[in-house]
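Read the structure below first, then the notes.
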Amino acid sequence: MLENPIWFGNKLISWYLQNKRDLPWRETKDPYAIWLSEIMLQQTRVAQGLPYFEKFLTQFPTVFDLANASEEQVLKLWQGLGYYSRARNLHATAKHIAFDNKGKFPSTYEGLLKLKGVGDYTASAIASICFKLPTAVVDGNVYRVLSRVFGIATPINSTSGIAQFKALAQKLIDPSCPGTFNQAIMEFGARFCVPSNPDCSTCIFSDVCIANKQKQVPYLPVKVKKAVVKNEFYNYLVCLFKDRKTLMEQRTDRGIWQNLYQFPLIESKKQLQVSTLKKDQEFIRFSEQINIQSISKFNDRVIVHKLSHKHLYTTFWILEIDALYEGGVPFSEIHLLPVPVLIQNFIYSFLPFKN
DNA sequence: AACTCGGGGCG
DNA sequence: CGCCCAGAGTT
């Protein structure tokens, strides 16, 4: 029954007609006003975009008024809304429509798609709302509603996911009122099927929603997060006590290498030299507890250890300590401790010199 | 396919 | 603080 497009659309539109907000762009089918609203609402909440929509329509009632304004004027009025390339593209497209097209917007999906700043979503929205064409919109709301109701776990920001959700929305759209269908599914996602803690018990789809039945609502839609590779600077303090012992500590914090061992670690914001290490607050606190005789770098050239999400720029510091230490780990025993490869490689290259 | 572009609201 | 918002353009 979920595969019955008419049933899905009817239920959705019925909900929409009873629950929709009164919004100014719902009072018109003028392509200029609809286009303006759709550009403004890209990645922007209705509440944030609404006052800008009013301001723009007052200052630029027609596409000719917008086209005849200066870019500076347009950007000034856009100020605070963010994503300023939208404003520049808006202005460029207004000039194109006004001066090259006699003020007339394209009336096909393909024609609309050619406009600067108009992608698949916006072209589909204008085509369906203004020209009654059956082009399905897929925005953040649609991803959420469809992934949950149909139980689709394909990442929404993957190439296959984008195609899959577009195809499903296209199959579901009511060709007799595509504009209403598109606005209904978006409104439903924005007002009812919300990202966190939706009230599934009173949902019109509660009995058929796959995510609801399988208790997967909090986990849908799936989105793969881009692995931002961060650069971090690690300084391992390799202590040499007179009795051939050193200091090792266990990583207990959540994160990489949990519960593995390492030499005392100082993280810094950039690469350190002996002089700058000595000024580091964490190093100062460390050195106050022991009598450091000498400081030298083991690796003159920084060792880059690459993880999937971070690059560790690592320096091993050799600290000769003029003392004995009861709690230390004998160098002859450090191979018994679980350590990261980064540490293991160091030990292999360092120990031959000490044995 | 991954990056970049903003400001604001919310848990 | 991280996620998300009526996405699109560039690399």
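Naming: A, B, ... by sequence-line order, numbering from 1 per chain. From a predicted model like this one, the values you see are computed outputs, not experimental measurements.
Here the closest non-hydrogen pair linking A/Phe56 and A/Leu36 is CB-CD2, 3.7 Å.
A/Asn182 places a side-chain N or O within donor-acceptor distance of the main-chain N or O of A/Thr135, the cut-off being under 3.5 Å.
With rounding to whole Å, A/Lys223 atom NZ is found 14 Å from B/dA2 atom P. Residue A/Tyr121 contributes atom OH, which lies 14 Å from atom P of C/dG9 at whole-angstrom precision. If you take CD of A/Glu38 and P of C/dG7, they are 9 Å apart, rounded to a whole angstrom. With rounding to whole Å, A/Tyr52 atom OH is found 10 Å from B/dG8 atom C1'. The distance between atom CG of A/Leu75 and atom P of B/dG7, rounded to the nearest whole Å, is 13 Å. One interatomic measurement links the two molecules: OH of A/Tyr83 to C1' of C/dA6, which rounds to 14 Å at whole-angstrom precision. Per the geometry, CG belonging to A/Leu115 stands 15 Å off C1' belonging to C/dG7, to the nearest Å. The CG-P distance, from A/Leu41 to B/dG8, rounds to 16 Å in whole Å.
When only modelled atom types and interatomic distance are considered, A/Ser124 and A/Lys166 share a side-chain donor-acceptor pair under 3.5 Å.
Residue A/Lys225 places none of its side-chain N or O atoms closer than 4.0 Å to OP1 or OP2 of C/dG2.
Contact annotation for A/Asp120: backbone-only contact, meaning every heavy-atom pair under 4.0 Å involves sugar-phosphate atoms and none involves a base. The residue A/Ile39 sits apart from the nucleic acid: no heavy atom pair falls under 4.0 Å. Nucleic acid contact class of A/Trp78 (heavy atoms, under 4.0 Å, all strands): none. Counting non-hydrogen atoms under 4.0 angstrom, A/Gly80 reaches the backbone sugars and phosphates but no base. Using a 4.0 Å heavy-atom cutoff across all strands shown, A/Ser37 reaches no nucleic acid atom at all. As judged by a 4.0 angstrom heavy-atom cut-off over every strand, A/Thr44 is placed among the base-contacting residues.
Comparing A/Gln43 and A/Asn157 by the nucleotide of DNA chain B whose heavy atom lies nearest to each, the residue mapping closer to the 5' end is A/Asn157. If A/Ser196 and A/Arg45 are placed on DNA chain B by their nearest nucleotide, the residue sitting closer to the 5' end is A/Arg45. Nearer to the 5' terminus of DNA chain C, by closest-nucleotide assignment, is the contact made by A/Arg144 (compared with the other of A/Arg144 and A/Val118). Annotation: of the two residues near DNA chain C, A/Ala190 and A/Gly117, the 5′-most nearest-nucleotide partner is A/Ala190.
Annotation: C/dA6 and B/dG11 have their P atoms spaced 15 Å apart (nearest Å). Annotation: C/dT10 and B/dG6 have their P atoms spaced 14 Å apart (nearest Å).
With C/dA8, C/dA6, B/dG6 as the choices, the nucleotide that has an atom nearest any side-chain atom of A/Gln42 turns out to be C/dA8. Listed candidates were C/dA6, B/dG6, C/dG9. Nearest to the side chain of A/Arg86 is B/dG6. Closest to the A/Asn197 side chain, of the nucleotides B/dG11, C/dG7, B/dG6, is B/dG11.
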Given A/Tyr16 and A/Phe181, is the ring-ring contact (aromatic ring centres under 6.0 Å, His included) satisfied, shown in steps?
-> CA-CA 9 Å; A/Tyr16 174 67; A/Phe181 175 92; over 10 Å; no

side-chain hydrogen bond (donor to acceptor under 3.5 Å, both in side chains) assessment of A/Thr122 paired with A/Gln42 | CA-CA 8 Å; A/Thr122 304; A/Gln42 288 168 6; 3.0 Å; yes

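A donor N or O paired with an acceptor N or O is not found under 3.5 Å between the base of B/dG8 and the side-chain atoms of A/Gln48.
Remark: aromatic rings of A/Phe316 and A/Phe350 are distant, center separation not under 6.0 Å.
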